[in-house]
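All of these numbers come straight from a predicted model, not from anything done at the bench.
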Amino acid sequence: MPETSRRRLLFGTAAVSAGALLTACTSNDPKTEDTAKSTGPAADNKPGKPVTIGFAGPQADHGWLNAINENAKSRAAEYSEVTLESTEGSNDTAAQIGQVKTLINKKVDVLVILPADGKALTQVGLEAMRAGIPVVNLDRIFASPQAYRCWVGGDNYGMGLNAGTYIGEQLKDKADAKVVELAGIDNLELTKQRSQGFADALKNYPNVELVARQAADFTVESGQAKMAQLLQAQKKIDALWNHDDDQGVGALRAIQQAGRDEFLMVGGAGAKSAMDAIKADNSVLKATVLYPPTMAASAIDLARALAQGKGVGGLAELEIPTSLTLYSAVVTKENIEQYLPTGFS
């Protein structure tokens with residue numbers, strides 16, 4: 001996401017949603033706090049005024065994107081006063097613009113939009129805001145801050161930074177350690193940010209060298225093909241960072257077919273398949289760096305708060321923030337039980 005570093009409000013765990021923040025610190029009653037931790041939803045759990053949220057999400061052609069849609073729908077269902085008007089997900093820019101316009105014409109109270117293309121959807125975001133419908137921009141950011149009231153998403157640079165730091169710490173006592181990177185789609189800004197964070201982290205470990213990099217397409221097939229190329233070119237490596245757990249399924253196949261196990265692998269995003277492999281501890285995959293789809297649930301929480309005129313509990317401000325960036329936690333065998341419920345299929 002371009003330029004998000006100037007507009008970020010960081011919170012300390014990927015598992016915390018905006019709903020938990022809205023609930024936290026609103027009461028000194030220990031019972032109230034325990035309930036908030038156990039139930040998970042929302043801003044004050046008491047129903048407020050009726051709210052209609054329009055949700056324009058992506059086409060569920062990837063595990064993470066499907067999890068975005070499911071998180072939004074399940075979160076909205078937890079509020080008796082919330083009606084969710086959900087479009088059929090689309091990766092076609094023109095189709096998604098039409099869907100958002102339909103939601104605007106229906107006069108929904110607030111919009112949550114994960115744009116197929118942030119730049120291309122900026123104009124329709126502006127249209128909604130000018131019509132008095134606040135927009136929660138999810139993940140892929142619009143080109144103008146005037147097109148949204150609040151942005152919520154993941155930290156791509158932080159993913160790379162935390163992956164590189166974890167790998168660096170594992171290899172800090174190894175002379176001439178060699179690392180390879182299986183990136184996503186190179187023309188995406190998020191891929192560039194992940195790679196930059198990774199490169200910056202490795203600068204802190206002079207004994208660790210990035211010796212090869214391949215860009216894949218976030219698919220199992222491309223992950224397998226590109227990983228096979230990396231393995232053929234590099235006869236010995238010490239660590240691999242794979243940007244995406246879906247393409248990581250293919251990468252693991254290539255690794256198994258090549259009979260290679262001399263290195264450790266770190267994944268990205270937090271798929272259930274990766275978490276299961278980490279827990280089993282029977283492959284090279286030892287960790288994954290989260291890019292939590294729970295951000296969609298947080299977006300619903302924030303949209304509800306916007307429509308009902310609420311702020312975020314625990315903060316002094318009366319309004320919700322303009323930006324919320326989720327933390328990219330590193331999940332390993334040591335903390336897997338904590339994060340396993342957030343894994344997506």
Side-chain angles (χ1 to χ4, degrees), residues 1 4 8-9 11 13-23 40-43 51-79 82-91 96 99-100 103 108-118 121 125 128 134-142 148-156 159 190 218 244-246 268-272 290-307 312 320-321 323-329 339 341-345:
M1 281 84 223
T4 57
R8 298 199 283 206
L9 176 63
F11 290 89
T13 171
V16 174
S17 74
L21 288 168
L22 288 159
T23 306
V51 171
T52 299
I53 299 173
F55 176 69
Q59 183 177 330
D61 56 0
H62 181 279
W64 186 86
L65 294 173
N66 181 64
I68 283 285
N69 292 337
E70 292 304 313
N71 269 271
K73 292 172 184 175
S74 61
R75 192 60 146 199
E78 295 182 18
Y79 299 114
V82 169
T83 299
L84 188 70
E85 289 274 356
S86 183
T87 65
E88 183 176 345
S90 177
N91 290 332
Q96 193 176 31
Q99 291 170 347
V100 175
L103 292 171
V108 296
D109 296 303
V110 60
L111 277 165
V112 175
I113 305 172
L114 196 162
D117 182 318
L121 269 286
V135 174
V136 178
N137 179 197
L138 182 57
D139 193 43
R140 299 169 190 166
I141 199 165
F142 293 138
Y148 60 90
R149 167 58 183 81
C150 176
W151 175 85
V152 54
D155 186 0
N156 287 292
M159 278 186 78
L190 65 89
F218 294 139
D244 175 74
D245 287 332
D246 272 22
K272 187 176 184 301
L290 297 186
Y291 197 81
T294 51
M295 67 178 69
S298 298
I300 295 298
D301 291 333
L302 291 166
R304 174 181 179 255
L306 272 172
V312 175
I320 70 165
S323 181
L324 189 156
T325 305
L326 303 188
Y327 182 68
S328 293
Y339 291 103
T342 71
F344 57 88
S345 300

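- Heavy atoms only, all atoms of each residue included: Leu290 and Met159 are closest at O-CG, 3.7 Å.
- Between the side chain of Thr87 and the backbone N or O of Gln99, no donor-acceptor pair lies under 3.5 Å.
- The side-chain heavy atoms of Asn137 and Leu114, taken from C-beta on, include no pair separated by under 4.5 Å.
- Among all heavy-atom pairs drawn from Ala299 and Val136, the shortest one is CB-CG1, 3.9 Å.
- Distance check, rounded to the nearest 0.5 Å: CD of Gln59 to CD of Gln96 gives 10.5 Å.
- At distances below 3.5 Å, not a single donor-acceptor pair connects side-chain atoms of Asp155 with backbone N or O atoms of Ser328.
- Side-chain contact, Asp139 with Tyr291: a donor N or O sits under 3.5 Å from an acceptor N or O.
- Ionic pairing of Arg140 and Asp117 is not present here: no N-O contact between side-chain nitrogen and carboxylate oxygen is shorter than 4.0 angstrom.
- Here the side chains of Phe218 and Asp246 are not in contact, with every heavy-atom distance at 4.5 Å or above.
- Note that OH of Tyr148 is 12.5 Å distant from CG of Leu138, once rounded to the nearest 0.5 Å.
- Checked against Val135 for a side chain to side chain contact (heavy atoms under 4.5 Å, CB included), the options Leu306, Leu121, Ile113 give a single hit: Ile113.
- The shortest distance between side-chain heavy atoms of Ile53 and Thr83 does not fall below 4.5 Å.
- Smallest separation of non-hydrogen atoms from Ala72 and Ala296: N-CB, 3.9 Å.
- Judged as a side-chain hydrogen bond (donor to acceptor under 3.5 Å, both in side chains), and not counting sequence neighbours, the contacts of Glu85 are Lys106.
- In this structure, the side chain of Asn71 does not engage the main chain of Met295 through any donor-acceptor pair within 3.5 Å.
- Heavy-atom minimum distance, Ala67 versus Phe344: CB-CB, 3.4 Å.
- Taking each heavy atom of Phe142 and Gly118 in turn, the nearest pair found is CD2-O, 3.3 Å.
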Does the side-chain contact (heavy atoms from CB on, under 4.5 Å) test come out yes or no for Thr325 and Trp151, once each step is laid out?
CA-CA 8 Å; Thr325 305; Trp151 175 85; 3.3 Å; yes
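- Taking CG of Leu324 as the reference point, atom CG of Asp301 lies at 10.5 Å (rounded to 0.5 Å).
- Considering only heavy atoms from C-beta on, Asn91 comes within 4.5 Å of Pro58 through its side chain.
- The heavy-atom pair separating Val110 from Ala307 by the smallest distance is CG1-CB, 4.4 Å.
- Taken to the nearest 0.5 Å, the CH2 atom of Trp64 stands 13.0 Å off from the CG atom of Asp245.
- Here the CD1-OG distance, from Ile141 to Ser323, works out to 6.5 Å after rounding to the nearest 0.5 Å.
- Taking the salt bridge (charged side-chain N to carboxylate O under 4.0 Å, His left out) definition, one finds that Lys272 meets it with Asp276, sequence neighbours left out.
- For the pair Asp109 (side chain) and Thr52 (backbone), a donor-acceptor distance under 3.5 Å is present.
- Taking CD1 from Ile320 and CG from Leu302, the interatomic distance works out to 4.5 Å, rounded to the nearest 0.5 Å.
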